[in-house]
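Step one of this worksheet: look at the structure below.
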There are 2 protein chains.
Amino acid sequence: MMISFAIVEDQPELRRNLVEWLNRAPGLNCVGAYPTGEEALKQLPTLYPDVVLMDINLPGMGGIQCVSRLKQLLPETDVIMLTTYDNAEMIFDSIRAGATGYLLKNQPREELLQALQQVHAGGSPMSLKIARKVFNHFQTPAKHGSEIEQLTNRELEILRLLTKGYLYKEIAETLKVALATIQTHVAAIYKKLHVHSRTEAAMKFAGKE
Amino acid sequence: MMISFAIVEDQPELRRNLVEWLNRAPGLNCVGAYPTGEEALKQLPTLYPDVVLMDINLPGMGGIQCVSRLKQLLPETDVIMLTTYDNAEMIFDSIRAGATGYLLKNQPREELLQALQQVHAGGSPMSLKIARKVFNHFQTPAKHGSEIEQLTNRELEILRLLTKGYLYKEIAETLKVALATIQTHVAAIYKKLHVHSRTEAAMKFAGKE
DNA sequence: TGAGGTCTCACATGTTTATTTGATGTCACC
DNA sequence: GGTGACATCAAATAAACATGTGAGACCTCA
């Protein structure tokens, strides 16, 4: 079974080397190589590659945005991100944008080859550290729960209304207490949650309870 | 560098086979093998294993709960879950409970060996399908949202910062534009989302994107 | 070339929020 | 009968926010 792939990478040397090296592998067929996201978006939709290797640091539109658009045009195509850094934000932005795999550039080429095959076999290849970060991302939200538990019932009640965007005034009316009381409670909530604004508090509360 | 590990698995045959097979590998040293989570929790805290292989389907407390407690007692120990099924709920419950890796049982033993080494090297080994599911988990909430899609990229960028609780001033500095520009964008965002405060916007945005 | 969308900035006004200090009354618990 | 946690209220200030109007620069697309 032949896997067709394309590469988006702005460094000419690296791009050519990768194409050449990967093409040598049996079962792989390169159908395109582009220096920018814009160029790739123009050409790829008619080529229907199985997999695209996408550099994140592209001049112009950037790799993440490119993935986002590419997936709209070619939902069936899998995209593997390539990057030098293991920045957490970039990882999750990429995944959200539709990336299927995420690899660091400083890895042996054999792994890149494996990754291509893995993607095509229904997997999501990622580098060691990336995998760990992804796992950790699920674990952190459990920690915030503890702070919420510090709140009294009254404070929880108020936080619920804060989260819905009620004005202090409206909360006061709803609970039939003075505005000043709400202010005091809010201050207490912020202190316990270690935040300094309604939105931060709401975000900590979101999903919980 | 010697990696010490333990196994929690209720099927006696499988348990013995795994211990025997893994012990044969250079660099691996089995310090314990238990049929139940209860037994493991009693013995393991004094043994400080580097890695624990944990069956999910355990009689009694179950593997996921066992991980949860084990990680409280031994935060430094990595746990790899072993299971026959790739049920999504179990995967995420396990990860939240503190698992560092997640493997399907029907895999070649070489992969199990690799997984042990990967965990110790800072990775999070998972089977092909598991990895894909984990990735998909991030993407699904991104699907055809709502009013959020009306936002321009710039507005999204600002909304992201708003959601994190940044002050207008800080957003302006971050994006290197004037405070007035942020105000204008925020007004545009509120209009498109039909809200009148930062928190309401943040709540509509939460999870989405 | 002109219309429409986006991003940028300025000026202005009133409202809301965040934070502090301090005080009162209630209830439970030792 | 005192201690502590909780809910309530007051007063005051600085900061931040929500909202409006207007306007120049740029790009794209018809």
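All values below come from the heavy atoms of this structure, side chains included, with hydrogens, waters and symmetry mates left out. Quick note on labels: first sequence line is chain A, next is B, and so on, each numbered from 1. Note that the coordinates shown come from a computational prediction; the quantities given were computed from them, not determined experimentally.
- Protein atom CD1 of B:I189 is 12 Å distant from nucleotide atom P of D:dT19, rounded to whole Å.
- Nucleic acid contact class of A:A178 (heavy atoms, under 4.0 Å, all strands): sugar-phosphate only.
- Here the CG-CD1 distance, from A:L156 to A:I148, works out to 7.0 Å after rounding to the nearest 0.5 Å.
- Ranked by how close their nearest DNA chain C nucleotide is to the 5' end, A:T184 and B:H185 are led by B:H185.
- The separation between B:I182 atom CD1 and D:dA18 atom P is 13 Å, rounded to whole Å.
- With hydrogens and angles ignored, no donor-acceptor pair closer than 3.5 Å exists between the side chain of B:T152 and the base of C:dC7.
- Of the inter-residue distances, the one linking B:L175 atom CG with B:Y166 atom OH reads 10.0 Å to the nearest 0.5 angstrom.
- Whole-Å rounding puts the B:E200 CD to D:dC17 P distance at 15 Å.
- In terms of position along DNA chain C, the nucleotide closest to B:R154 lies nearer the 5' end than the nucleotide closest to the other residue of the pair B:R154 and A:L162.
- With C:dT8, D:dA11, D:dA18 as the choices, the nucleotide that has an atom nearest any side-chain atom of A:Q183 turns out to be D:dA11.
- Taking atom OH of B:Y168 as the reference point, atom P of D:dA14 lies 22 Å away to the nearest angstrom.
- Using a 4.0 Å heavy-atom distance criterion, B:S197 is classed as a sugar-phosphate-only contact.
- Proximity of A:Y190 to the phosphate of C:dT19: no side-chain N or O atom is located under 4.0 Å from OP1 or OP2.
- Atom pair B:L161:CG and D:dA16:P shows a separation of 16 Å (rounding to whole Å applied).
- Between the CG atom of B:N153 and the P atom of D:dC26 there is a distance of 21 Å, rounded to whole Å.
- The OG1 atom of A:T163 sits 13.0 Å away from the NZ atom of A:K204 when rounded to the nearest 0.5 Å.
- When distances are taken from the side chain of A:K169 to each of C:dT16, C:dC7, C:dT19, the shortest belongs to C:dT16.
- For the atom pair CG (A:L18) and SG (A:C30), the distance works out to 9.5 Å, reported to the nearest 0.5 Å.
- Each of A:L179 and B:Y166 was matched to the nucleotide of DNA chain D holding its nearest heavy atom; the match closer to the 5' end belongs to A:L179.
- Atom-to-atom, CD of B:Q150 to P of C:dG5 comes out at 12 Å; the value is rounded to the nearest Å.
- Nucleic acid contact for A:H196: sugar-phosphate only, since backbone atoms but no base atoms lie under 4.0 Å from a heavy atom of the residue.
- Across the protein-nucleic acid pair, B:L175 atom CG and C:dT6 atom P stand 18 Å apart, rounded to whole Å.
- No side-chain N or O of B:T36 forms a donor-acceptor pair with one of B:E39 less than 3.5 Å apart.
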